[in-house]
Amino acid sequence: MNIFRLTGDLSHLAAIIILLLKIWKSRSCAGISGKSQILFALVFTTRYLDLFTSFISLYNTCMKLIYIGCAYATVYLIYAKFRATYDGNHDSFRVEFLVVPVGGLSVLINHDFSPLEILWTFSIYLESVAILPQLFMISKTGEAETITTHYLFCLGLYRALYLFNWIWRFYFEGFFDMIAIVAGVVQTVLYCDFFYLYVTKVLKGKKLSLPA
Amino acid sequence: PDSQGNKDEL
């Protein structure tokens with residue numbers, strides 16, 4: 001464990017909690033892409049199956065359970081409890097265009113052709129593009145609530161910090177995982193235009209609105 | 001690269 005990975009995990013946890021509280025407190029999921037949240041639940045489900053096969057540490061197990069629990073709770077709030085506030089018309093990204101290619105790629109390019117490893121690879125590839133429906137929805141509505149931008153900032157920051165974690169681990173442990181690194185770079189690059197808008201607008205107290 | 005080593009990451 002290193003400082004980049006720890007702050008990355010905490011940033012990820014903060015994002016997940018911010019979103020869950022935003023929906024719960026405001027009793028509304030306006031502006032939130034339910035499709036992205038389903039993809040994240042799928043990412044955690046396929047990545048954390050090793051909860052049943054190996055114990056790494058209490059921290060590792062607890063965080064995985066929290067991530068999975070919050071992900072499904074968020075999906076439940078969006079599609080069940082507060083479904084009346086779900087903006088399905090703007091959440092129109094064709095997720096099959098993500099899941100199918102990612103599924104194919106995870107079968108073609110992986111470290112080991114075993115079920116758990118392919119599912120882990122699938123979750124790594126899927127996570128790198130899982131935010132696209134959310135970013136697409138913001139581009140369609142042309143704006144985002146400020147709390148949603150904080151959620152996205154923490155979510156984007158987490159994988160950016162993981163990139164530093166991998167640099168650290170390569171330098172100090174001689175360890176690297178090309179699949180996780182390439183997917184992590186793609187994932188972080190997808191946030192770049194959002195990061196720019198967040199820093200130039202939201203941090204200056206303005207509302208995040210895109211030129212429609 | 002040892003992908004098993006990566007499984008200690010979230």
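These numbers come from a predicted model, not from an experiment. Chain letters run A, B, ... following the sequence lines, proteins first, then strands; residues in each count from 1.
Ionic pairing of A:R5 and B:D8 is present here: one or more N-O contacts between side-chain nitrogen and carboxylate oxygen are shorter than 4.0 angstrom. Ion pair A:R169/B:E9 flagged as a salt bridge, since at least one NZ, NE, NH1 or NH2 atom sits closer than 4.0 Å to an Asp/Glu carboxylate oxygen.
Heavy-atom distances place the side chain of A:N165, and not its backbone, under 4.5 Å from chain B. Of the two parts of A:Y59, only the side chain, counted from C-beta on, holds a non-hydrogen atom closer than 4.5 Å to a non-hydrogen atom of chain B. Of the atoms belonging to A:N60, heavy atoms from both backbone and side chain fall under 4.5 Å from chain B.
Exactly one residue among A:F194, A:Y196, A:F195 makes a ring-ring contact (aromatic ring centres under 6.0 Å, His included) with A:Y198. That residue is A:F194.
Two rings, from A:H12 and A:F153, have their centers 6.0 Å or more apart.
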